[in-house]
Each structure stands twice: as structure tokens, then as C-alpha cells.
Amino acid sequence: MAHMNMIQALNSAMDVMLARDPAVVLMGEDIGYFGGVFRATEGLQRKYGEHRVLDTPIAEGGIVATAIGMGVNGLRPVAEIQFADYIYPGIDQIASELARLRFRSAGDFFAPVTIRTPCGGGIRGGQTHSQSPESIFTHICGIKVVMPSNPYDAKGLLIASIEDDDPVVFFEPKRLYNGPFDGDPNKPAVPWTSHPKGQVTEGYYTVPLGKAEIVRAGSDVTIITYGTMVFVAVAAAAALGLDAEIIDLRTLVPLDVDALCTSVKKTGRCVIAHEATRFSGFGAEILAVVQEECFWDLEAPIQRVAGWDTPYPHAFEWEYFPGQARVSEALKTVMEVT
Amino acid sequence: MAHMNMIQALNSAMDVMLARDPAVVLMGEDIGYFGGVFRATEGLQRKYGEHRVLDTPIAEGGIVATAIGMGVNGLRPVAEIQFADYIYPGIDQIASELARLRFRSAGDFFAPVTIRTPCGGGIRGGQTHSQSPESIFTHICGIKVVMPSNPYDAKGLLIASIEDDDPVVFFEPKRLYNGPFDGDPNKPAVPWTSHPKGQVTEGYYTVPLGKAEIVRAGSDVTIITYGTMVFVAVAAAAALGLDAEIIDLRTLVPLDVDALCTSVKKTGRCVIAHEATRFSGFGAEILAVVQEECFWDLEAPIQRVAGWDTPYPHAFEWEYFPGQARVSEALKTVMEVT
Amino acid sequence: MNKRSRLHLPAPPARPGERPDFSYVQISPAGAVARPEISVRARDIDYLAHELVRVLGDDAEAVGPWNPHLDPSDLQMGLRHMLLVRIFDERMQRTQRAGKISFYIRSLGEEAVSVAQCMALLPGDMLFPSYRNQGLHITRGMPIVDLMCQLLSNTRDMCKGRQLPVMYHSKANNIFTISGNLATQFPQAVGWAMAAAIKGEDHLAASWLGDGSTAAADFHHALTFAAVYQAPVILNVVNNQWAISTFQGYAGGEQRSFAARGSGYGVASIRVDGNDFLAVHAVTQWAAARARTGAGPTLIELVTYRVAGHSTSDDPSRYRAKDDHKFWPLGDPIQRLKAHLIRLGEWSEDRHETLIAELDALVAKSWQEAVTYGTLNEGPRLNADLMFEDVFKEMPQNLLRQRAAMRLQRT
Amino acid sequence: MNKRSRLHLPAPPARPGERPDFSYVQISPAGAVARPEISVRARDIDYLAHELVRVLGDDAEAVGPWNPHLDPSDLQMGLRHMLLVRIFDERMQRTQRAGKISFYIRSLGEEAVSVAQCMALLPGDMLFPSYRNQGLHITRGMPIVDLMCQLLSNTRDMCKGRQLPVMYHSKANNIFTISGNLATQFPQAVGWAMAAAIKGEDHLAASWLGDGSTAAADFHHALTFAAVYQAPVILNVVNNQWAISTFQGYAGGEQRSFAARGSGYGVASIRVDGNDFLAVHAVTQWAAARARTGAGPTLIELVTYRVAGHSTSDDPSRYRAKDDHKFWPLGDPIQRLKAHLIRLGEWSEDRHETLIAELDALVAKSWQEAVTYGTLNEGPRLNADLMFEDVFKEMPQNLLRQRAAMRLQRT
Ligand SMILES: Cc1ncc(C[n+]2csc(CCOP(=O)(O)OP(=O)(O)O)c2C)c(N)n1
Ligand SMILES: Cc1ncc(C[n+]2csc(CCOP(=O)(O)OP(=O)(O)O)c2C)c(N)n1
Ligand SMILES: [Mg+2]
Ligand SMILES: [Mg+2]
């Protein structure tokens, strides 16, 4: 075990996989010699060679397309999209090709591509360096969608994603790269060293795709969340003194419906929180599933807490971010009903 | 008033607007001399000239981008994407640019672009000529999303969209082009001539964006739907002899929340139906909103009826399509509870 | 808007009722274009992107440095494959018209492209076709009945009923699955070739798209990545002059050849007479040798004519002159190869008729067999359960549930 | 994977600790490149895409057919604008380092591009810049204090706090809003120009992107649409040799110039010494004349060097040699224009120092004013309500509700 922040954990996952499987190659803008703008691939080109860790042209569509071709030819590409905000030029190759190869060829062709991309705000990135577009990918059948909230999971989930024969879009909440973050930008930054999930096995391990984690067991209310909002939820519930059960989805597709429903059936109350904009955000699907499965157990309407339905503004980052106040508000609302 | 099918109604809308506003231009693949693969722009190039009705290269990203530039320079472009399945190459220009111009320039720049695109299945188009990707666009703030279900609305909504200073993605359920369709492919085709909504005013009129329509008033259950599924819902409810209130959303963004909630508060039961795949489909957002607003009025869990979470398969079109049987099933389920 | 528009709008060779003017097609005499060493640098052969490599002259003689000097038996094989493609196409077109398949796309007039190119490649080379490359499947030996089963979405459909007709694939024959989305295969082929290079393997990748599809972003991505990594790939632009209703000027072909695009990226680029079996074979062999020796990618523009409608959903008489192909200056690939073989003394009208009869019978027999595995509306059908498979490698819970729901709905 | 990889991987001029080798930069002598008529056909001037248009020789003399023969007062104006850009950049870089703005991007060493090009255009021409074209705003007369207010996201920010620093715009000055997404502005400029042509207006559009951004799909779309419709647009590729950490070889610059891309599409294309104010002005004027006379679009590749880091978030010492710009063969644009003016007898070291002091003072004074309108962390702030405006023209119900919720949350 070693202390790792999330960047180091991701780096370690790729390091482990480059060493274990000669078919694994990394590719992306600035990921080679430079080691990536967030340094996730630092040192890997030096260690494994220029032919395993490729710098690419600035063409997200080209990156995904060539990764597909490489995947079809026996490699296991891990492609970085520098910011999730820049994944759109690659979305046709993801939605129309990567997600469809196995289906349309009746299993004869597939491409085990993992697409890593930093998402989320809180780093003063303005409207084009802060987006959380995961909901879009959850609607495209044939792709798995992952978003870890801590170094331990990040490494285990990334290894599982790379080994998975289905394509995975792997979102990395960049505000969590250096430490857990409870939503209060005025508090001093907390490093991962002080958090148990910052203790990471150095070698190979996986965290299985499709399994949510109960971050905190409780009986008053279920909070379903993922990514940055996990810590905000923990803090908000603690501040209210609620015995909340907090579920970190970790994988959005396939969704761990059983975990959610077991919990909501127990608590009877549910708050869903994510950073992405609310309208048609992934919270809607979670809410729909919970309502469908647990309707008779609900003691209050399920509440959603999410980014506002606006672009992420540079100057109003903290008014935009769904921080503790908004989670508390929602918790109070569901708890008020008796 | 004249009899029009949906293609003729759309054609008439563009005809009216080309005549009224010299800033209106049409553009798209094969839409000029040829009049479009579905013939929606037939005759318009001859009537208004090659400079108002432009054939374009096959580059959806380039079509949207140049439409934006034209919009910024005072024109009012109506761009056709030949099939909604092919909108993905244009999605970066839609999500990162078209939807953001007004916001990021604090209102100084905007592009009043309307993007028309045929969607939906039922025409043996296979997995790349049948998709309904509207949910993705509903999550991108800054774009209005429209889907008419009949000729009258199609024309009025298209004119309203063209006149709107916000960008609009306008989905056309292509299975409805020639007639209403209740989901049974074995019945003889019904033309629009025999349907009241096939009676269309020849000149200018609008159907306002953001307003749902109550297709049928009723008190047993609310069915919220749009596009092709409107007629399937009507038929399914009639077959069960239910006094259903059936709402055709017409505009998905902005969503007419009041109309939905007024109805569900009255009926206490709700079924949501669309053709797009279920997971993170627009039904999830509708369900979420109704649950949030009408929880205490609900007498049964809201049900969703949708396409399966698979690509639209050529050979199993009718097993895929959420036809009357599936709507009936959902209706029975919500009605069973007393 | 009172002033006059100055926007330039490309005009096609002819609209319905007009006489086609193909004078815009730049044609070099057969044998006239020099053939550089395969090790040549891309920047030194710009002329190849503007001239037109031709081997077969009007007299059906093979001349010049690009003459591939193929064995007569290979030429006969090529003729056979092209004829089979044409006969198969004709039959399937009629079958669609009779309502027995939902859709079809012919390659009439363009048969040399797929057949000659495929013959110039090795079986281990990976092919990323468009929907108009049925010749690749036929040349690689795919049974006609297998193709028909795909067209029928029947119980032996290699796509298990999931794809529109003509969207074939063949893992055994190294032919990639075809997409309805134009051009997506182009950069995928480059990625496949990059992987071959990374693995130090000798195989190359080849891909095809149409003149209209060059406007798609993926065309640009393919050229950029191919140039940067010098990938062992052959990128083919089949310039059959038409997209659906728009002619190649709407893809930018009015200003410059499509081969010239490649030169601009530093990719070796050749413009070739696409209806000249020998020339197509020769340039493909040249490009393949470049790829295999590490000399990098090649773009080939094959100048041909889409004699057929775009697909069975299309009616070309709405937008172009009837019988315009009769004015096409590069003739018909089958007639030209046939004339050459006859001139060589290796073929005759009789043998030609016999071959046609044989292939007609093969196609007819294949159809008889294919329909026994089911048709669109009758006979055995695939199980609809298949719709839920292969979305993921293992079926997730939501699909398991949905499959169960569908089964209930059917009973 | 036991065999050796054959993938080609471009290598940069120097990594940290190495001595830069810029011999790959093809340089023509000043005055050597012919200047064709503006009515020339694109296909007849391929040489312009490979040679390098230069006017100012090493002796600071203006020579050859591209000499724009500008008035000394214009040259002085150009020098002033370039100096102001540089001084502003330096000051803002320091301001960011001091934590007073969140982000900044300098154009150090590339000032001639924006300034000379902007001076060669008319005020009615619409500009679609990248984030490294601050010279356009300054040349069009935007007050420095306005730019600073944007950088501060303060109460006078033209973007109302919504954009990252440097993402300026100016409706009054016909400068389009900058996007964080690379290259998107390129085809938008083409669309703007198409509209100008449709309306029969004389204005042209100009756009800028970097060497790295040429790999983006939008570069291809811009060229295709510009070529097809012969749009009155000037498409500028600022080849400053680097994207972030990858050098221009990773955009395909190793094989062919970026100007050659344009030629391939049939767009008139010129490669120019981007640090030569006179040459940049001249080629821009030439391209503008083409656009205004209906002769079509022009692609200009401006060969320059990114002396600065990519942005304040970047540390170039991690991936390239320190002081590599000292080896850059095309010098510094300000020094070169200054030397030319001195040689003309229209400038002196003294006047230069005085000007610098004046501009320093202007920038300092502007900053003092700008901060009175608020800073990132202190002073007056924009109302956060603004976040909900301009998403749509009229605020829909969900945003009205969310605004209300946010107001509650703040109280
Ligand atoms: C991305 C995308 N846009 C549009 C279409 C619709 N479409 C199908 S074929 C075609 C024309 C293609 O022309 P070309 O590339 O010249 O190929 P050809 O049919 O001539 O072989 C179009 C526009 C599509 N399939 N995919
Ligand atoms: C679509 C997209 N992909 C990636 C990025 C991240 N990014 C910002 S600037 C940059 C490098 C651009 O280099 P170049 O085009 O040469 O412009 P320069 O910075 O040299 O002026 C990258 C990769 C982005 N902004 N947008
Ligand atoms: Mg074609
Ligand atoms: Mg650059």
C-alpha cells in the first residue's frame, strides 16, 4: 500500500496494465513526452517507449477512430480526451461506431477501447473546462460509463475498464485529483494522504464495473451520488446530523439498481446529487429507476440536487456548484415529511 | 385550409418563411435541386433560387458551423440533417457553439439556426436510419428541442422555430410523414387526409414553442408522449376503454411542466411513452419532473414505455418498437393499483 | 438583400434533359504518366495527383510504365469477379423491386475498383469498405448465398438481422463491418494500420469511401493520422462523380482533384482511371509495396462513374440526365477488360457468353438456397431475442429484464 | 509484440537540454517569391504554399514584389500596436502569477500576425480569432481596460463573468466571441463569408487557428466549404511550431507545409514569414483583394514561433529546450520592424524607449482603473443572477425557478 492522489492512482493503473499486457497502448494529446496536462501519464512514455504511449494530433474524432482501428487489430487502447468538454468532436465515432461494432457485426468485431477524460468544475476553468457530460453517454447503448470518486477506486476501476472487452468512457472528476473536496472552496485543501481511499495497493487489483459502493451505511435517507458530489453529500449529511446511507455509484452503466433499491427500500427517502446540469442529467434516470422500483416504500418525493441548467460560469463557480447548502436543502425537504 | 401530409406541411412552412423573410435560407445535403431525400424542400430551390436553398457538402459539422456563421451575419438558416442518426458529427458545433454563443458573449452574438432532422424508426431503416437521439439535446442547455406529431403542428412549430432567436433542433418522426400511425404495421396505411390535423392553413401561422397539447382529455390516467407514440398511445388507451388524458409535448425544451402536472394531479396516474431507448431517455426527465411535482397525487408508480436499450435492429423492427401492447401493459399496470 | 448574391454554386455536368458535358474530367493518354520508385517521397510526386494513370488505351492494348503485366489467368479471374458482381447486383436490384429485400445498392460501372484492388492485396490485409464495395467480398471468395442471407436478414444472416442490407462483414476474410455512417471507416483503417506497425507486422489496411464522403471529418482525420505516423494504409476515394443528387463539385472536386487533397497532407496520392482494371491493379500494387516497405500511406482517387442510382431508394432521373453514363469518357470496366483479353487472344465472345450463363445460374441457385433460410416476411426467422445480445459482451440487468418483457409481450 | 515497431513518430527540434535544430524550416530569401495577380487561379500558384514570402531581409530593408510600400506612419502605428500587445501580455502574465487573474495566454513573438493582418483589413470585415489574437482587439482600438475587465471577470466584463480570461469579443469592433474549443471558429467564419456573398455585401471574414488545431475536423470543414462556395474568407494558420507540448510534426507539418493543405482543396494558399510585419501585411492585403473581387478564399500559413509558454498553466521547460526561441531563424517581429523603421530614418532608440514608457504607463493606468470595477476575489462583483441570463433569449421556467432557488441559498 502507498499513499496516492487520484492522478498517481490512475498513473499506477496504466503502469500496471502497460507492464502486464503488451496489447495496452496509451494515446492522446500531450500524454506522451509531457505526461499529460494533468500529469496522469507522467513517466510512462519513458518507461514503455514512444510506441506504447503515443502523442496524437488534436483531433478527438481521429483519436477515437484510430483507437477503434487499433482495438480491432488486437490492441487495447486507452485514449485520453484532454477535457470532457472536448469529447464532442469524438462523439460520432463513440456513438455510431465504438458502441455499435459488436452488435452490428454479431460479435465478430469489437474494440476494447477505454476513453479517459477529466470532467467537472471547481478549478476556475470556465464554461469549456468544467463540463460533466456523462448523462449523454449513459443514453448511448453499448458503452459502459464509469466515474470514480477516490484514488483507490480510480485505479481499480481503470484497470477493470482496460481489461473489459466493452468500450468504457471513464470520467475523472478533476477537482478530486489532489484531494477529497466537500464543496467548500474556502476551507484549506485536504490531500488524499489523510483519507483512507488515498491508500492504494501498488500492484494489480480491480474494482468491478457495475457495482456501487455504500460509502456510509445509514437508515434515515439514501443519498445516491457519484464523483465530486460524494464528499459534498457526506459533509452535508454530517452537518445535519443525519444517519444517511450514502451510495457512490462508481459505475453509471451498467447501473447497480439492486444496491440503490435495497437502500431506498430501507430508508424510504432519497436524494440524488450530481454536478452535471439537472435537466435530463443522469439524476433523472436514477430518479426514474428508484421511483419505478421503490414507489411504495417512498415516504417523500425523491429530490435531485444538480448543477443549474446553464453553462458553468467562470465568475460564479461556487454559486453554480451544487454545494453543501443545496444538498442540505434537499435533505431537509425529504426529511420534513413524516 | 388544405390537406397536407407532414412533408407538405413542412414544405409549406419553409415556403411561407422564405417568402416572408429574405434572411431565411435553407441548407443541407440533397435539399436543393433534388428537394431532399424525403422531399421536404421540393420545389423550393426552383422558387427561391439556388442562393436561398443551398445544397451542401456531406459534412454535418460543416453544415452546422457555416449555418452558425450565416446566422451571426444576419441570416436565419434552416439546416437539414438528412437523418437524425447523422447528427453526431455536428454535435460539437451544436453543443459547444450554437447553444453557447449568446451566453458566452453576454448576448452580443447569437445565431437563430433551426436544425431539422428526420428521426425514428418503422421504415425498415436498420440501426443507422431509425434513431431518436432527442434526449441528448435536451441535456444541452441553450437549445430548444421540438418534435411535432402531425402536419398542422409541424408547420406551425417549424415557423415558430425559424422565427425564434434561439437555436432549435427540430425532430421529424419520419414514420408520420405520410400518415398517423398507431403502431400496427399490419394495418393498411392511413393517410393524413382522413385526420383533422392533416387540415393545414395554407398561409402563415405559428404553434407556440413550449406548449404541450392535450390530444384527448380524460380522467383515468395521464399519458405523456410525443412524436410517433402519440397515435400509439391513443389507440392503446382506446383499446382498453380507458378515459385517458393524452398529452403531446410537441416541445421538449422548454418543457411545459404546468400542463403535465395539472393533468397528473387530476388523474393521479401517469404513463410516459417515447420511441427512443429507455435508459436516460427523455422519459426519465419527464418522470423525474412529474414525481417531484405530483408525488402526493400519484396513486401508482409512473410507468415508462420506450424503445429497448439496444440499437434499432433491421429484422426486429416491430419487436423493438414500443407498440400498443407495451403501452397497454403499462396502462394496465398503473390502473391495477387502487 | 437587394444586392445580387455572389456565392459560387457548383453546376453538374447535366440536369435532366440536358446533354452531359464531361469535359471537366482531366484525362491523360494511356501509358503517359511516369511511375516513380516506391521509395519516392510524397512531396516529389504531386503530378500523380493531377494526371490520370491509365494502362488500357482505346485500342485495348496495355501500355506504359504502370502496366502490371498480369497473367492472362489473373485477368480472366478479374473479369469473372467483375461479371459476378454485376450479375449479382442486377438480380438483387430486381429482387428489391419485387419487395423481397428492403434495400439494395449496386456498384454498376465501378466493378473494377473493388475487384482489381482486392486482387492486388494479400489475404492478411484488412479491408474497411463502404457500402459500394461488394466486389471485395466476392473477390475474397465469400459465397453469394452468404451475401444474400444478409440481404434477407434471415437465419443465416452474418449480422443476425441487425443491419440494413449490404452492410456485410467477414471476419474470416478480413473485411470489416460496414457502417451506415459515411466515412467512419477511413480513420479506423488508419488505426488498424498503426497497430500493425506497432506490432511490427506486415499487413496493411485499405479503406474506401466516395467523393461525397471526402467532406466528412473522418476523411481529414484519416489523412492527418496517416501522414503523422506514416501508417501502412491505402486510402481510396472512389470518385464516381455523384454523392446522392449532388455531383462531386459539392465535395470540392471542381477546384482540385481528390487526390490533390492527399498531396496537401504529404500523403503520396495517385489519380487513376477507375474503369481500367490494369491501371487500378497497378497503382494498388504500388501503394501496397510502399506500405509494406515502410514508405508510408497512399491515397488513391479512382475516377469512375456511378451508372446506377444511389440505391434502390433513389431516382436519379430527378436530378441528372438519363443515360448520362453513355457519355462517360472512361467507358465500362468490364467491356474494357474483355476487349483487352480478346485482343490478347485469351478470351472470346463465346467464352464470355458461357461465363455469363454460368454466373447467372450461380446467382439463381444461390438465391434458391438463401430463401430456404428465411426471407424478410416468410419462412424461418431469427429469434428476436438476438436483439439483446452483443450490445455488451455480457448482458446487463436492464437488457435481461427487457428481453424477458419482450418474450412476455410476444406470448 | 516481439517484433520491432515500425510506427513513425515525429521528433521535435529539441527536448530540454538539447540544442534546437530549426533546419527543417524552409526559408526563401527576402524578395524572392513572385507575387501573382489577385485574379490567379488557386491551382496555378502551388509554389506559394511551399516557399516563404518575405519582404524584410536581414539588413532590415524591404524588398521584392510583396513590399506593401506602407507609409512610415502606418509602420509606426504597427510598431506601437505590437509593443502594446507585448507590454500588456507581460503585465498580465505577472498579474496571473500574483494570483490576481486565474489564467492568461501571451502571444509573445507572434505579435505581427494579429497586428499586421488586422491593419490590412477593413473595419467592416468580421474577425473570428483564436485565444492568441489579442493583437486584433488592440489594433481595432479596444481599450486595454476593457480587456482587463474581461480578465478579471469584474462588473465591466464584456462576458458578464461567464468566460475564462482572454475569451474576449467585441460586437462594435466586429470581433467574434472566442471559444475554448479549438478550431470551431474556422468554418463559422466561412459561413459568415457565405452570408456576405449571398447578401451581395463586400465584407470578408477572417479567422485564425494554430498549427495544432489544423488537425481538428473544423479545419477540414472550413476548407471544404470555402472551396465549394468560393467564400470571401481568409483562413489563417498561425504555425508557431507548437501545440501545447507537441510540435507541429504532430499536426502533420513534418510532411508538408500547412499552406499545402489549402492548395490540396483548391484554395489559394500562401506561406509567409509571420515575423515579418511587411510580408504579413502584404499577403493579407492580397488575400483581401481576392476575397473582395470574388476570386475566392485564401489560406495563409504564418510561420512564427511561440516564444511564450502555451498559457499560464503550462511549463514549457518540461518538453522543450530553454531559450529555444533564440535559435529561431526568423527573429522577432518587433525588433525587425523597429530596425526597418530606423533604417528608413523614421524611428530611433530614443523614440522607442519613450514609446515603451508611454505604453507601460498606459497599461499600468488601465490596470488601476480596471480593478476599481472589481477583481476576482475582492471589490464589486457581478450579480450571480447573471448566470441565468442569455442561456435563452427569454428565461424559461426551469431557469426562473433555479434563479429563485439560488437567491434563497445566498440569503
Ligand atoms: C454521416 C452521414 N451523412 C449522410 C448520410 C446519407 N448518405 C448516404 S450515402 C450518401 C452519399 C454518399 O456519396 P459518396 O460518398 O460519393 O458515395 P457513393 O454513394 O457515390 O458511392 C449520403 C449523403 C450518411 N449515410 N452518413
Ligand atoms: C477541441 C479541443 N481539444 C483540445 C483542447 C486543449 N487545447 C487547448 S490549446 C491546445 C493546443 C493548441 O495548439 P495550436 O493550435 O498550435 O495553437 P497555439 O496555442 O499554438 O496558438 C490544446 C490541445 C481544446 N481547447 N479544444
Ligand atoms: Mg460518389
Ligand atoms: Mg501552435
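Between chain D and the residues C:His50, C:His220, C:Arg6, C:Arg43, the most heavy-atom pairs under 4.5 angstrom are made by C:His220. Chain C forms the most heavy-atom pairs under 4.5 Å with one residue out of D:Glu201, D:Arg41, D:Gln230, and that residue is D:Gln230. Of the listed residues C:Val267, C:Leu9, C:Leu223, C:Thr214, the one with more heavy-atom pairs under 4.5 angstrom with chain D than any other is C:Thr214. Ranked by heavy-atom pairs under 4.5 Å with chain C, the first of D:Gly200, D:Gly262, D:Ala217, D:Ala197 is D:Ala197. Interface check for chain D: of the options C:Ala226, C:Ala49, C:Ser269, C:Gly266, the most heavy-atom pairs under 4.5 Å are formed by C:Gly266. Comparing C:Ala216, C:Ala196, C:Pro232, C:Ala231 by how many heavy-atom pairs each has under 4.5 Å with chain D, the most go to C:Ala216.
Residues of residues 187-195 of chain D that come closer than 4.5 Å to chain C, counting heavy atoms only, are D:Met194, ordered by residue number. Applying a 4.5 Å heavy-atom cutoff, the residues of residues 248-261 of chain D that approach chain C are D:Gly249, D:Tyr250, D:Ala251, D:Gly252, D:Glu254, D:Gln255, D:Arg256, D:Ser257, D:Ala260, D:Arg261. Of all residues in residues 120-132 of chain C, none places a non-hydrogen atom less than 4.5 angstrom from a non-hydrogen atom of chain D. Contacts with chain C (heavy atom to heavy atom, under 4.5 Å) involve these residues of residues 289-305 of chain D, listed by number: D:Arg292.
Distance alone, capped at 3.5 Å, places no donor-acceptor pair between the D:Tyr229 side chain and the C:Pro10 backbone. Side-chain atoms of D:Arg54 come within 3.5 Å of backbone N or O of D:Ser28 as a donor-acceptor pair. D:Thr284 places a side-chain N or O within donor-acceptor distance of the main-chain N or O of D:Val280, the cut-off being under 3.5 Å.
If you look at D:Tyr319 and D:Trp242, their ring centroids are closer than 6.0 Å.
Between D:Val53 and D:Leu48 the shortest side-chain heavy-atom distance falls below 4.5 Å. Residues C:Val237 and C:Phe219 have side chains in contact (heavy-atom distance under 4.5 Å, counting atoms from C-beta outward). Within the 4.5 Å cutoff, side-chain heavy atoms of D:Leu330 are placed close to those of D:Leu52. Under the 4.5 Å side-chain criterion, counting only non-hydrogen atoms from C-beta, D:Gln185 is not in contact with D:Trp208. Between C:Arg35 and C:Val33 there is no side-chain heavy-atom pair separated by less than 4.5 Å. Between C:Asp324 and C:Pro13 there is no side-chain heavy-atom pair separated by less than 4.5 Å. Between D:Thr246 and D:Ile244 there is no side-chain heavy-atom pair separated by less than 4.5 Å. Between D:Val40 and D:Trp286, the closest side-chain pair of non-hydrogen atoms falls below 4.5 Å.
Of all the heavy atoms in D:Ala183 and D:Asp218, the pair that sits closest is O-CB, 3.2 Å. For the residue pair D:Pro329 and D:Ile27, the shortest heavy atom distance occurs at CB-CD1, 3.6 Å. Considering all non-hydrogen atoms of both residues, C:Ala215 and D:Thr224 come closest at CB-CG2, 4.1 Å.
Within 6.0 Å of CD in C:Glu37 there are 12 or fewer heavy atoms belonging to other residues, nucleotides or ligands.
For the residue pair C:Gln117 and C:Asn236, a side-chain donor N or O sits within less than 3.5 Å of a side-chain acceptor on the partner.
Classification of the C:Phe225-C:His221 ring pair by plane angle, with boundaries at 30° and 60°, yields perpendicular. Between D:Tyr265 and C:Tyr265, the ring planes are tilted. Angles from 30° to 60° get that label.
Both the backbone and the side chain of D:Ser263 come within contact range of chain C, judged by heavy atoms closer than 4.5 Å.
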For the pair C:Asp314 and C:Arg306, evaluate salt bridge (charged side-chain N to carboxylate O under 4.0 Å, His left out) and give the outcome as yes or no after the intermediate values. CA-CA 12 Å; C:Asp314 182 38; C:Arg306 198 197 78 203; 3.6 Å; yes
